[in-house]
**Student:** 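I have a structure I would like to understand better, so I am pasting it below and will then ask my questions one at a time.
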Amino acid sequence: MAISKTYNPKEVEEKWYTNWQQKGFFRSKPNPRKDPYTVVIPPPNVTGVLHMGHMLNNTIQDILVRRARMQGKEACWVPGTDHASIATEARVVAMLKEKGISKEDIGREEFLKHAWDWKEKYGGIILEQLKKLGASCDWERTRFTMEPDMSDAVIQVFVDLFRKGLIYRGVRMVNWDPQGKTALSDEEVIHKQVNSKLYYINYQIAGEADNYLTIATTRPETILGDTAICINPNDTRYQHLQGKEALVPLINRAIPIIFDEYVDMEFGTGCLKVTPAHDLNDYELGIKHNLPVLDILNDDGTLNSKAQLYVGEDRFVVRKKIAKELEANGQLAKTEDISNNVGYSERTDAVIEPKLSMQWFLRMEELRDPALRVVNDDTIRLHPPKFKNMYRSWMENIRDWCISRQLWWGQRIPAYYLPDGSYVVALNPEDALAQAKYKTGNPNLTIADLRQDEDVLDTWFSSWLWPISVFDGFKDPDNPDIQYYYPTNDLVTAPEILFFWVARMIMAGLEYRKEVPFRNVYLTGIVRDKLGRKMSKSLGNSPDALGLIDQYGADGVRTGMLFSSPAGNDLLFDEKLCEQGRNFSNKIWNAYRLIKGWQVDENITNPNELAINWFRAKFNVAFEQIEDHFTKFRISDALMAVYKLVWDDFCSSYLEMIKPAYQNPVDAATLDATINFLEDLLKLMHPFMPFITEEIWQDIKERSDKDYLIVAAWPKAGVADSILLERMDKAQDIIAGIRNVRNSKNIPQTKALNLAIKTQEQYILTPFEPLIQKLANLPDISYVNEGPEGSLNFVIGGNEFFIPMEGAVDPAVERERLQKELEYTKGFLAAVDKKLSNERFVNGAPPVVLEKEWQKKADAEAKIKALEQSLTAIS
RNA sequence: GGGGUGUUAGCUCAGCUGGUUCAGAGCACCUGCCUUACAAGCAGGGGGUCACUGGUUCGAAUCCAGUACGCCCCA
């Protein structure tokens with residue numbers, strides 16, 4: 001039967017994925033006879049489409065889950081998405097805008113209907129894409145952070161934390177996104193270094209027409225909100241301004257000149273304009289000096305009436321206009337180009353406006369302490385461990401979490417305002433009413449008298465509950481699922497969200513389950529292009545994920561992503577890596593074709609015992625390494641070990657050793673052993689390359705209904721015959737030596753050669769003769785005491801190898817080569833001798849090291865002797 | 001500015017508690033091969049003062065200090 005010469009992923013991927021699903025292999029139920037192995041997916045945005053980061057992240061999760069499943073654990077990978085309040089809302093607003101509808105026109109209820117429609121239509125795309133990658137999630141457990149049960153959990157937690165006194169409402173400086181018209185958490189602000197202008201502006205001193213001071217600012221439009229000028233009291237230049245006032249240019253409003261050491265004398269002119277409403281530091285300074293707060297901006301970034309000028313115009317338009325007007329007035333001293341840090345909204349890319357507003361906050365200190373402890377004491381391990389420091393420093397400097405967002409898409413804050421302006425916090429309007437009646441003593445209040453807070457909660461306020469809420473641990477804290485699956489085992493995510501997701505999950509887990517949510521956190525790197533640039537839509541340097549799968553096969557892409565992906569290091573992605581992955585698939589496929597094509601002859605006795613024993617030993621050694629890599633979360637190294645075992649040891653060495661001559665049959669024992677090896681290799685490869693391995697597994701022999709590779713038992717460790725491994729290394733060196741001679745003299749492999757060996761260890765080499773003869777094409781091997789005349793030779797260890805070759809040897813060249821090698825070896829020996837004659841070394845070094853040095857010496861001496869004899873023979 | 005972290009072959013990276021797994025892997029490169037599993041392949045090969053400077057030690061890529069450069073986080 002003919003099998004295609006190249007592996008064709010398209011034909012098999014869909015088939016096996018459907019098959020696995022139908023057989024229920026991805027499903028998980030609590031099973032007391034098995035250990036659970038649980039992973040919760042970092043829920044991708046409901047607005048997202050599969051990108052390289054997802055592919056890397058989910059491939060790693062799938063590898064861990066598939067391996068655990070094969071190890072006989074009850075593997076459960078819970079998928080889902082989060083509602084991404086700001087991103088989704090922006091998406092829906094834009095969609096409505098195209099239809100000429102504004103969100104304010106249709107109101108909250110109607111808007112949310114549109115949002116849900118949008119979610120139903122597009123929200124599942126990314127999960128479908130994960131299936132193409134081979135992700136073995138338990139899809140029946142798919143959750144969404146805004147589905148009713150998950151939302152109930154969020155509200156329940158909010159109310160609980162409020163009652164514990166950890167949630168409060170207050171006016172604070174927040175990061176305001178004037179485009180999304182919402183507050184953002186610090187983590188949602190991206191700071192970029194940009195080129196700006198520093199404007200030097202003159203403020204007249206009140207009552208002194210000829211005197212003025214000069215301030216420097218990057219934001220001239222905010223001068224309209226100034227409420228003071230501040231100077232360092234140590235600044236000798238400005239002592240004469242004590243107790244005076246300055247006039248804000250253009251509007252001539254008088255503001256005090258104050259003194260505070262906060263001001264950096266070196267920056268600008270040493271005079272700082274203070275605008276408490278529009279700068280965090282100024283705000284704090286304002287509190288200290290009791291300054292009024294003058295907020296001159298509307299929520300959309302335009303100026304309001306308090307600014308007096310340019311009312312209704314955008315802040316950036318005003319910046320240009322005011323600079324011009326100041327210049328015309330002679331109050332713009334100069335401008336300078338500078339580079340400074342500006343915050344941008346992660347979602348809308350609008351420049352963030354520090355803005356004072358009434359928000360809800362979660363107090364962090366009490367929650368922080370235990371969450372810091374469990375990472376410090378390694379109850380939770382971060383991989384790689386370098387992130388422990390980062391985690392610690394962030395946690396130690398944590399600030400209260402602004403959890404309210406001025407949006408509609410999300411869980412609405414369960415605070416209800418009473419007619420008198422006070423509020424109650426409750427699970428539902430009925431509870432709120434009861435509380436309100438009690439609080440006011442007014443039994444006539446109705447629900448209509450209560451007004452629920454307009455804002456929703458930060459999306460992370462849902463996601464931090466994820467490992468608990470996906471198992472309904474809030475709704476039903478003792479249910480069998482949460483009891484069995486929680487704490488989960490491993491979490492795979494990006495370092496970027498170590499703080500605002502991972503850390504908070506730890507806090508929530510400890511607060512609500514009294515147990516950590518996971519044991520290991522594996523932090524992947526960022527996928528960059530091969531120039532090291534972060535992949536982004538605007539750069540257009542992100543390859544189409546599904547296109548890659550289409551081109552190289554899911555297995556090829558999975559391995560491609562991992563080939564160069566050490567834990568926690570960024571991955572410089574190059575499509576060539578996927579090509580390498582595809583080539584590997586093809587290599588496996590062809591090894592299978594070879595084996596599949598063999599006919600068995602029951603009458604032949606097994607000539608390959610040595611090769612079979614050798615590969616078994618090789619497999620056992622590699623298996624141990626691979627397991628070690630896995631326990632250290634070195635997934636990329638584990639893959640590389642599998643790759644080399646399959647390609648180098650199995651294909652290039654073992655199969656070549658046992659391969660019968662063309663169209664000759666193979667003996668039953670060899671075939672049997674080889675198929676067993678192949679099956680074990682398929683098992684090791686399966687987590688990385690699920691599709692091709694299942695295809696071969698199913699094709700290689702008849703399988704029963706339940707006999708799938710995806711649930712086959714993971715190999716077990718076995719002992720490795722180290723003596724055999726060592727001797728085979730020697731044999732392989734000899735083969736390589738002969739091939740090297742062939743290459744350098746241009747002798748094709750098809751031309752048979754003879755080999756004469758001068759050795760003290762014939763007994764070791766004899767068993768390997770058939771292998772060496774086969775692989776190096778040597779009809780005859782003989783043992784000699786003297787090298788034959790006119791032969792090419794090489795030395796391995798203390799053994800000399802001669803290939804008789806009339807006329808092929810140029811004695812002069814040969815002599816030079818031998819002489820060179822002799823000199824090198826003598827130098828080497830000298831170094832060893834020097835070490836051994838050093839008394840302090842002999843006394844100080846451990847016996848094992850000494851032993852090795854003596855061995856080195858012996859080997860070198862033997863080699864020198866052999867080389868010298870060869871030289872004499874030549875001349 | 002504060003903290004973290006790194007610098008090993010052309011590229012991406014291993015290299016644990018100092019000592020033949022100490023200078024390695026994969027890719028790339030060079031040479032020769034369409035040898036009946038695979039040219040998406042086979043065989044062979046050449047590449048590195050382990051950033052720099054000192055120190056500790058019998059012995060340093062490995063430990064310590066400083067310098068240079070890079071990245072990350074925070075301000």
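Chain identifiers are assigned alphabetically (A, B, ...) following the order of the sequence lines, protein sequences preceding nucleic acid strands; residue numbering begins at 1 within each chain.
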**Student:** Taking the P atom in each of rC38(B) and rU7(B), what is the distance between them to the nearest angstrom?
**Tutor:**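 Rounded to whole Å, the distance is 43 Å.
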**Student:** Mind checking the P distance from rC50(B) to rA43(B)? Whole angstroms is fine.
**Tutor:**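 The answer is 32 Å between these two P atoms.
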**Student:** Can you check rG47(B) for me, syn or anti if syn means within 90° of 0?
**Tutor:**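 rG47(B): syn glycosidic orientation.
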**Student:** When rounded to the nearest Å, what value does the distance between C1' atoms of rU62(B) and rG55(B) take?
**Tutor:** 15 Å
**Student:** As a test of your reading of the structure, name each stem of RNA chain B as range with range, where a stem is three or more consecutive Watson-Crick or G-U pairs at under 3.5 Å.
**Tutor:** B:1-7 with B:68-74, B:10-13 with B:24-27, B:29-33 with B:41-45, B:51-55 with B:63-67
**Student:** Report yes if at least one side-chain N or O of Arg399(A) is closer than 4.0 Å to OP1 or OP2 of rA75(B); otherwise report no.
**Tutor:** yes
**Student:** Suppose you measure atom C1' in rG48(B) against the same atom in rA65(B); what distance do you get, rounded to whole Å?
**Tutor:**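 That atom pair is separated by 26 Å.
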**Student:** Using whole Å, what does the distance between atom C1' of nucleotide rU35(B) and atom CG of Leu753(A) come to?
**Tutor:** 15 Å
**Student:** Just the rounded figure in Å: distance from P of rA75(B) to CG of Asp279(A).
**Tutor:** 14 Å
**Student:** Within the side chain of Asp637(A), is there an N or O that forms a donor-acceptor pair under 3.5 Å with the backbone of His629(A)?
**Tutor:** no
**Student:** For Gln749(A) and Arg528(A), take the nucleotide of RNA chain B holding the closest heavy atom to each; which residue's nucleotide lies nearer the 5' end?
**Tutor:**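 Between the two, 5'-proximity favours Gln749(A).
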**Student:** Could you tell me how the ring of Phe500(A) sits relative to the ring of Trp460(A): parallel (under 30°), tilted (30 to 60°) or perpendicular (over 60°)?
**Tutor:**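 The rings of Phe500(A) and Trp460(A) stand perpendicular, inter-plane angle above 60°.
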**Student:** Rounding to a whole Å, what distance do you find between Asn743(A):CG and rG45(B):C1'?
**Tutor:**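 Between C1' of rG45(B) and CG of Asn743(A): 8 Å.
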**Student:** How long is the line joining CG of Asn175(A) and P of rC74(B), in whole Å?
**Tutor:**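 The answer, rounded to whole Å, is 12 Å.
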**Student:** What parts of residues 651-663 of chain A reach RNA chain B, counting only heavy atoms under 4.0 Å away?
**Tutor:**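 By residue number: Cys651(A), Ser652(A), Glu656(A), Lys659(A), Tyr662(A).
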**Student:** Answer syn or anti for rU20(B), where the cut-off is 90° from 0 on the glycosidic torsion.
**Tutor:**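 The base of rU20(B) is oriented anti (glycosidic angle more than 90° from 0).
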**Student:** Using salt bridge (Lys or Arg N to Asp or Glu O under 4.0 Å), reason through Asp628(A) and Arg634(A) one step at a time and then give a plain yes or no.
**Tutor:** CA-CA 8 Å; Asp628(A) 186 53; Arg634(A) 308 178 73 139; over 6 Å; no
**Student:** Nearest of rA37(B), rC72(B), rG44(B) to any side-chain atom of Asn740(A)?
**Tutor:**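 The answer is rG44(B).
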**Student:** Taking atom P of rC38(B) as reference, at what distance in whole Å does atom CD of Glu579(A) sit?
**Tutor:**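 In whole Å, rC38(B) P lies 19 Å from Glu579(A) CD.
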**Student:** What I want to check is whether an N or O donor and acceptor connect the side chain of Lys5(A) with the base of rC38(B) at under 3.5 Å.
**Tutor:** no
**Student:** Examine distances only and state if a side-chain atom of Asp721(A) and a backbone atom of Ala617(A) form a donor-acceptor pair shorter than 3.5 Å.
**Tutor:** no
**Student:** Nearest 0.5 angstrom please: Gln773(A) CD to Leu753(A) CG, how far?
**Tutor:** 12.0 Å
**Student:** Is the Phe677(A)-Phe619(A) ring centre distance short of 6.0 angstrom?
**Tutor:** no
**Student:** Quick one: list whatever passes side chain to side chain contact (heavy atoms under 4.5 Å, CB included) with Pro385(A), sequence neighbours left out.
**Tutor:**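 Listed in chain order: nothing, the list is empty.
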**Student:** Starting at atom CD1 of Ile734(A), determine the distance to atom C1' of rA43(B), rounded to an integer number of angstrom.
**Tutor:** 18 Å
**Student:** Between rG18(B) and rA61(B), how far is it from one C1' atom to the other, in whole Å?
**Tutor:** 10 Å
**Student:** Produce a footprint string for nucleotides 15-28 of chain B: one letter per nucleotide, 5' end first; B if the base is under 4.0 Å from any protein heavy atom, S if only the sugar-phosphate is, - if neither.
**Tutor:** S---BBS---SSS-
**Student:** Between Asn583(A) and rC38(B), is there a side-chain N or O to OP1/OP2 distance below 4.0 Å?
**Tutor:**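 Answer no for this pair, as no side-chain N or O of Asn583(A) is under 4.0 Å from OP1 or OP2.
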**Student:** Whether the Tyr643(A) and Gln580(A) side chains hold a donor-acceptor pair (N or O, under 3.5 Å, no angle test) is what I'd like checked.
**Tutor:**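 Result is yes, a qualifying pair exists.
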**Student:** Can you tell me how far C1' in rG32(B) sits from the matching atom in rG46(B), rounded to whole Å?
**Tutor:** 15 Å
**Student:** Tell me whether Ser636(A) contacts the main-chain N or O of Leu562(A) through its side chain, where contact means a donor paired with an acceptor under 3.5 Å.
**Tutor:**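 Answer holds: yes.
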**Student:** Could you state the interatomic distance from OH (Tyr654(A)) to CG (Leu645(A)), rounded to the nearest 0.5 Å?
**Tutor:** 12.5 Å
**Student:** Work out how far the P atom of rU17(B) is from that of rC74(B), and round it to whole angstrom.
**Tutor:**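 These two P atoms come out 30 Å apart once rounded.
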**Student:** Side chain to side chain contact (heavy atoms under 4.5 Å, CB included) with Ala554(A): which residues, sequence neighbours excluded?
**Tutor:** Glu13(A), Ile549(A), Phe691(A)
**Student:** Would you kindly give the CD-to-P distance between Gln732(A) and rA43(B), to the nearest whole Å?
**Tutor:** 11 Å
**Student:** Do Asp555(A) and Ser585(A) have side-chain N/O donor and acceptor atoms under 3.5 Å apart?
**Tutor:**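 No pair is found: no donor N or O on one side chain lies under 3.5 Å from an acceptor on the other.
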**Student:** Distances under 3.5 Å only, N/O to N/O: pair up the protein atoms with those of nucleotides 5-9 of chain B.
**Tutor:**
from	atom 1	to	atom 2	distance (Å)
rU5(B)	OP1	Asn389(A)	ND2	3.0

**Student:** Whole-Å distance between rA37(B) C1' and Lys587(A) NZ?
**Tutor:** 8 Å
**Student:** Hey, is rU49(B) sitting syn or anti, using the within-90° cutoff around 0?
**Tutor:**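 What rU49(B) shows is a syn base, its glycosidic angle lying within 90° of 0.
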**Student:** Any idea which of rA37(B), rA40(B), rG44(B) is nearest the Arg593(A) side chain?
**Tutor:**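 The closest nucleotide is rA37(B).
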**Student:** Under a 3.5 Å threshold, yes or no: a donor from one side chain and an acceptor from the other, between Glu575(A) and Tyr552(A)?
**Tutor:** yes
**Student:** Verify side chain to side chain contact (heavy atoms under 4.5 Å, CB included) between Arg742(A) and Ile738(A), making sure each step is shown before the conclusion.
**Tutor:** CA-CA 6 Å; Arg742(A) 284 183 184 278; Ile738(A) 294 159; 4.3 Å; yes
**Student:** At 4.0 Å (heavy atoms only), tell me whether Arg582(A) reaches a base, stays on the sugar-phosphate, or touches nothing.
**Tutor:**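 Base: the residue Arg582(A), judged by heavy atoms under 4.0 Å, touches a nucleobase.
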**Student:** Checking salt bridge (Lys or Arg N to Asp or Glu O under 4.0 Å) for the pair Asp649(A)/Lys644(A): CA distance, chi angles, key distance, verdict?
**Tutor:** CA-CA 7 Å; Asp649(A) 299 324; Lys644(A) 286 199 275 191; over 6 Å; no
**Student:** On RNA chain B, compare the nucleotides closest to Thr750(A) and Ile735(A); which residue's is nearer the 5' end?
**Tutor:**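 Of the two residues, Thr750(A) wins.
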**Student:** With distance as the sole test, does Asn664(A) use its side chain to make a donor-acceptor pair with the main-chain N or O of Pro660(A) at under 3.5 Å?
**Tutor:** no
**Student:** Work out how far the P atom of rA9(B) is from that of rA23(B), and round it to whole angstrom.
**Tutor:** 16 Å
